[in-house]
Trainee: 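Dropping a structure here in structure tokens format, bear with me for questions.
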Amino acid sequence: MKIVFMGTPDFSVPVLDALVEAGHEILAVYSQPPRPAGRGKKDRPSPVQARAEALGLQVRYPVSLKGDAEQAEFAALDADVAVVVAYGLLLPQAVLDAPTHGCLNIHASLLPRWRGAAPIHRAIMAGDTETGVCIMQMEAGLDTGPVLMRQVTSIGAEETTAQLHDHLSQIGATAIVDALANLSTLKPVPQQDNGVTYASKIDKAEAKIDWSLPAVEIDRKIRGLSPFPGAWTEIEGQRIKLLGSRLVEGEGQPGTLLDDTLTVACGTGAVQLLRLQRAGKGAQDAEVFVRGFALKAGHIIS
């Protein structure tokens with residue numbers, strides 16, 4: 001098929017690769033414009049732009065698709081279909097209607113649950129035991145279109161957003177290839193009105209750990225915000241990111257270390273911290289991290 005691909009972050013890259021490997025003709029790749037990054041604040045292309053250029057594909061990165069000129073350029077591609085995954089720009093109706101088979105979106109949740117910006121984070125933070133990927137026919141509403149295909153997967157008890165992100169990206173890459181191969185026989189299923197939830201964008205203000213909360217909530221927050229923005233606490237006056245945890249047995253004053261292996265008492269229950277990161281340093285497993293601190297049972301962190 002003749003495809004326009006629209007995506008921006010790392011999540012989208014395996015999908016682009018899968019479409020190329022399946023033999024589809026990629027007419028153009030649309031991505032967010034390069035952004036300042038790094039110490040020098042030089043413009044850096046998105047992961048999708050970098051991968052597309054490495055593949056020798058035409059890349060476009062308009063600031064908006066609302067203008068007549070941008071919409072005419074898109075329509076002139078005469079695509080069979082557009083594949084959209086974490087693109088980050090609103091698609092006007094003229095763009096949605098331009099390809100012969102419209103625009104298909106790969107969404108990382110089991111719609112209508114977790115429509116919106118941060119479905120992977122929110123699924124873990126809410127304690128969902130399963131999630132998945134939906135191939136959706138796009139329409140003007142926010143993730144409201146009918147679903148052509150869905151793939152379900154479980155969420156592990158210690159799984160982080162980073163791990164689930166990579167898993168769902170691969171599921172999405174496989175699913176879209178299957179969907180395109182069977183597009184003529186797939187029947188769009190309208191989303192149900194009940195069960196709708198919205199995955200609002202992650203706010204950094206959410207990341208501070210309140211140890212008086214139940215352990216189950218703290219564990220979900222640590223895993224759900226890993227690696228970005230990273231839940232955090234203070235240890236010995238230093239702000240420390242918490243990137244991995246598990247639920248364990250234990251009780252005590254909230255914030256108290258219950259042993260020498262970073263088991264922390266919560267409002268009810270306890271969590272064991274598995275992976276941490278000091279400011280300006282790389283992430284470390286707990287057994288390595290504790291070598292830099294004289295932390296013993298009874299120590300209180302905040």
Trainee: Counting only N and O atoms by type, is there a donor-acceptor contact under 3.5 Å from the side chain of D285 to the main-chain atoms of E287?
Mentor: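 Not confirmed, D285 side chain does not pair with E287 backbone.
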Trainee: Yes or no on side chain to side chain contact (heavy atoms under 4.5 Å, CB included) for L276 and K241, after CA distance, side-chain angles and deciding distance?
Mentor: CA-CA 6 Å; L276 307 92; K241 280 189 177 183; over 6 Å; no
Trainee: For S31 and G7, work out which heavy atoms get closest and say how close.
Mentor: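 Looking at all heavy atoms of both residues, the closest pair is OG-O, 2.9 Å.
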Trainee: Side chain to side chain donor-acceptor pair (under 3.5 Å), that's the test. Do T8 and S46 meet it? Break it down for me.
Mentor: CA-CA 6 Å; T8 297; S46 73; 5.1 Å; no
Trainee: Can you establish whether the number of heavy atoms outside Y61 located under 6.0 Å from its atom OH is more than 12?
Mentor: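 Not more than 12 within 6.0 Å, no.
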Trainee: Donor-acceptor pair, N182 side chain versus D178 backbone, under 3.5 Å?
Mentor: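 Confirmed, N182 side chain pairs with D178 backbone.
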Trainee: Are L168 and V133 packed together at the side-chain level, in the sense that at least one heavy-atom pair is separated by less than 4.5 angstrom?
Mentor: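 Yes, their side chains come closer than 4.5 Å.
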Trainee: Nearest 0.5 angstrom please: Q272 CD to S245 OG, how far?
Mentor: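 Reported to 0.5 Å precision, the distance equals 9.5 Å.
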Trainee: Verify, without hydrogens or angle tests, whether E53 (side chain) and L57 (backbone) share a donor-acceptor contact under 3.5 angstrom.
Mentor: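 Such a contact is absent between E53 side chain and L57 backbone.
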Trainee: Please give me the minimum heavy-atom distance between P229 and A207, naming the atom from each residue.
Mentor: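 Closest approach of P229 to A207: CG-CB, 4.3 Å.
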Trainee: State whether the number of non-hydrogen atoms from other residues, nucleotides or ligands found under 6.0 Å of D203 atom CG is greater than 12.
Mentor: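 Yes, CG of D203 has more than 12 neighbouring heavy atoms, counting only those of other groups under 6.0 Å.
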Trainee: Does a sphere of radius 6.0 Å around CD in Q192 hold more than 12 heavy atoms from other residues, nucleotides or ligands, not counting ones at 6.0 Å or beyond?
Mentor: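 Atom CD in Q192 is not packed in, count stays at 12 or less.
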Trainee: Would R115 and Q191 count as having a side-chain donor-acceptor pair, cut-off 3.5 Å?
Mentor: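 The answer is yes; a qualifying pair exists.
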Trainee: Given D128 and R113, is the salt bridge (charged side-chain N to carboxylate O under 4.0 Å, His left out) satisfied, shown in steps?
Mentor: CA-CA 10 Å; D128 292 4; R113 187 162 177 78; 2.9 Å; yes
Trainee: Restricting to non-hydrogen atoms, name the atom on V81 and the atom on P99 that form the minimum distance, rounded to 0.1 Å.
Mentor: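 So the two residues come closest at CA-CB, 3.7 Å.
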Trainee: Taking C-beta and beyond as the side chain, do R60 and E73 meet within less than 4.5 Å on heavy atoms?
Mentor: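 Heavy-atom side-chain distance check passes, below 4.5 Å.
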Trainee: Tell me whether K2 is salt-bridged to E25, with the criterion being a basic N under 4.0 Å from an acidic carboxylate O.
Mentor: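 Looking at E25 together with K2, the answer is no, because their closest N to O distance does not fall below 4.0 Å.
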Trainee: If you apply the rule salt bridge (charged side-chain N to carboxylate O under 4.0 Å, His left out), what do you find for R51 with D17, and how did you get there?
Mentor: CA-CA 9 Å; R51 181 57 181 155; D17 284 339; 2.8 Å; yes
Trainee: Under 4.5 Å between side-chain heavy atoms, hopping through other hydrophobics if needed: is there a path connecting L274 to I235?
Mentor: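 Different hydrophobic clusters.
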Trainee: Sub-3.5 Å donor-acceptor pair from the side chain of E249 to the main-chain atoms of A270, do we have one?
Mentor: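 No; judged by distance alone, with no hydrogens or angles, the pair does not exist.
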Trainee: Any chance the side chains of Q93 and D97 put a donor and an acceptor closer than 3.5 Å?
Mentor: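 Indeed, the side chains of Q93 and D97 share at least one donor-acceptor pair under 3.5 Å.
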Trainee: Kindly work out whether a path of hydrophobic side-chain contacts (I/L/V/M/F/W/Y, heavy atoms less than 4.5 Å apart) joins V13 to L55.
Mentor: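 The answer is yes; both residues are in one hydrophobic cluster.
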Trainee: Is M1 close to L183 at the side-chain level, that is, under 4.5 Å between some pair of heavy atoms?
Mentor: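 Yes, close enough: below the 4.5 Å cut-off.
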Trainee: Does the side chain of E236 reach to within under 4.5 Å of the side chain of H299, using non-hydrogen atoms?
Mentor: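 Yes, side chains in contact.
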Trainee: Do other residues, nucleotides or ligands put more than 12 heavy atoms under 6.0 Å from K66 NZ?
Mentor: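 Counting other residues, nucleotides and ligands, NZ of K66 stays at 12 neighbours or fewer.
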Trainee: Do R239 and W232 form a cation-pi contact, if we require the NZ or CZ to be under 6.0 Å from the six-membered ring centre and within 45 degrees of the ring's axis?
Mentor: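 Because its charged atom sits under 6.0 Å from the ring centre and within 45° of the axis, R239 does stack over W232.
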Trainee: Side chain of S226, backbone of L243: donor and acceptor closer than 3.5 Å?
Mentor: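 At least one qualifying donor-acceptor pair exists.
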Trainee: Same hydrophobic cluster for M6 and I135, using side-chain heavy-atom links shorter than 4.5 Å among ILVMFWY?
Mentor: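 They do not share one cluster, since no chain of ILVMFWY contacts under 4.5 Å joins M6 to I135.
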Trainee: Taking all non-hydrogen atoms of both residues, which atom of A162 and which atom of P227 are closest, and how far apart?
Mentor: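 What the structure gives for the nearest pair is CB-CD, 3.4 Å.
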Trainee: State whether the side chain of R150 and the backbone N or O of L111 hold a donor-acceptor pair below 3.5 Å, judged by distance alone.
Mentor: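 Yes, the answer is positive, given that a donor and an acceptor are paired below the 3.5 Å cut-off.
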Trainee: Rounded at 0.5 Å granularity, tell me how far SG in C266 sits from CG in L213.
Mentor: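 It comes to 8.5 Å.
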Trainee: Would a distance-only check, ignoring hydrogens and angles, find a side-chain to backbone donor-acceptor pair under 3.5 Å from E234 to I240?
Mentor: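 Checked: no pair found.
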Trainee: Which is it for L164 and H121 under the side chain to side chain contact (heavy atoms under 4.5 Å, CB included) test, yes or no, and what are the steps along the way?
Mentor: CA-CA 9 Å; L164 186 56; H121 299 77; over 6 Å; no
Trainee: Within the side chain of S154, is there an N or O that forms a donor-acceptor pair under 3.5 Å with the backbone of E130?
Mentor: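 Checked: no pair found.
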Trainee: Does any donor atom in the side chain of W114 or T131 lie under 3.5 Å from an acceptor atom in the other side chain?
Mentor: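 No pair is found: no donor N or O on one side chain lies under 3.5 Å from an acceptor on the other.
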Trainee: Hey, any chance V271 and F293 share a hydrophobic cluster, counting ILVMFWY side chains that come within less than 4.5 Å of each other, even indirectly?
Mentor: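 They do share one cluster, since a chain of ILVMFWY contacts under 4.5 Å joins V271 to F293.
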Trainee: Identify the residue among L19, L16, L77, L104 that makes a side-chain contact (heavy atoms from CB on, under 4.5 Å) with I3.
Mentor: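 Among L19, L16, L77, L104, the one meeting side-chain contact (heavy atoms from CB on, under 4.5 Å) with I3 is L19.
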Trainee: Out of the candidates V85, V83, L91, L90, only one should pair with Y87 under the side-chain contact (heavy atoms from CB on, under 4.5 Å) rule; please name it.
Mentor: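 Of V85, V83, L91, L90, side-chain contact (heavy atoms from CB on, under 4.5 Å) with Y87 is met by L91 alone.
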Trainee: Considering only heavy atoms from C-beta outward, does the side chain of M125 approach that of L225 to under 4.5 Å?
Mentor: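 Yes - at least one pair of side-chain heavy atoms lies under 4.5 Å apart.
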Trainee: Taking atom CD of E159 and atom CG of D166, what is their separation to the nearest 0.5 Å?
Mentor: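 Taking CD in E159 and CG in D166, the distance rounds to 9.5 Å.
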Trainee: Between atom CG of N105 and atom CE of M136, what is the distance when rounded to the nearest 0.5 Å?
Mentor: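 Answer for the CG-CE pair, N105 versus M136, is 4.0 Å.
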Trainee: Let's go through R275 and Q284 carefully: what are the C-alpha distance in whole Å and the side-chain angles of both, what is the deciding distance for side chain to side chain contact (heavy atoms under 4.5 Å, CB included) to 0.1 Å, and is it a yes or a no?
Mentor: CA-CA 6 Å; R275 194 160 177 81; Q284 297 176 316; 5.6 Å; no
Trainee: What I want to check is whether the side chains of T153 and H167 have a donor and an acceptor closer together than 3.5 Å.
Mentor: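 Result is yes, a qualifying pair exists.
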Trainee: Is there a donor-acceptor pair closer than 3.5 Å between any side-chain N or O of D260 and the backbone N or O of A297?
Mentor: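 Yes, D260 side chain to A297 backbone: donor-acceptor pair under 3.5 Å.
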Trainee: When Q137 is tested against each of L186, L148, V147 for side-chain contact (heavy atoms from CB on, under 4.5 Å), which residue passes?
Mentor: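 Among L186, L148, V147, the one meeting side-chain contact (heavy atoms from CB on, under 4.5 Å) with Q137 is L148.
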Trainee: To the nearest 0.5 Å, what is the distance between CD1 (I176) and CD1 (I171)?
Mentor: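 The CD1 atom of I176 sits 14.0 Å away from the CD1 atom of I171.
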Trainee: Could you check whether any side-chain heavy atom of V63 comes within less than 4.5 Å of a side-chain heavy atom of P33, counting everything from C-beta outward?
Mentor: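 V63 vs P33: side chains touch.
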Trainee: So how far is it from T233 OG1 to I209 CD1, rounded to the nearest 0.5 Å?
Mentor: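 These two atoms lie 7.0 Å from each other.
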Trainee: Work out which heavy atom in W211 is nearest to a heavy atom in L273; give both atom names and the distance.
Mentor: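 Minimum heavy-atom separation between W211 and L273: CH2-CD2, 4.2 Å.
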Trainee: Linking I/L/V/M/F/W/Y whenever their side-chain heavy atoms sit closer than 4.5 Å, directly or via other members, would L65 and F5 fall into one cluster?
Mentor: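 Each belongs to a different hydrophobic cluster.
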Trainee: Tell me, with the steps shown, if T144 and E139 meet side chain to side chain donor-acceptor pair (under 3.5 Å).
Mentor: CA-CA 7 Å; T144 58; E139 57 183 33; 2.7 Å; yes
Trainee: What pair of heavy atoms forms the shortest contact from I124 to T161, and how long is it?
Mentor: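 Closest pair (atom of I124, atom of T161, distance): CD1-N, 3.5 Å.
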Trainee: Given T256 and V264, is the side chain to side chain contact (heavy atoms under 4.5 Å, CB included) satisfied, shown in steps?
Mentor: CA-CA 6 Å; T256 302; V264 188; over 6 Å; no
Trainee: Before accepting this row, confirm whether a basic side-chain N of the pair R122/E206 lies closer than 4.0 Å to the acidic partner's carboxylate O.
Mentor: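 Result for this pair is yes, salt bridge flagged.
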Trainee: Would you say CZ of R35 has more than 12 non-hydrogen atoms from neighbouring residues, nucleotides or ligands within 6.0 angstrom?
Mentor: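 Atom CZ in R35 is packed in, count exceeds 12.
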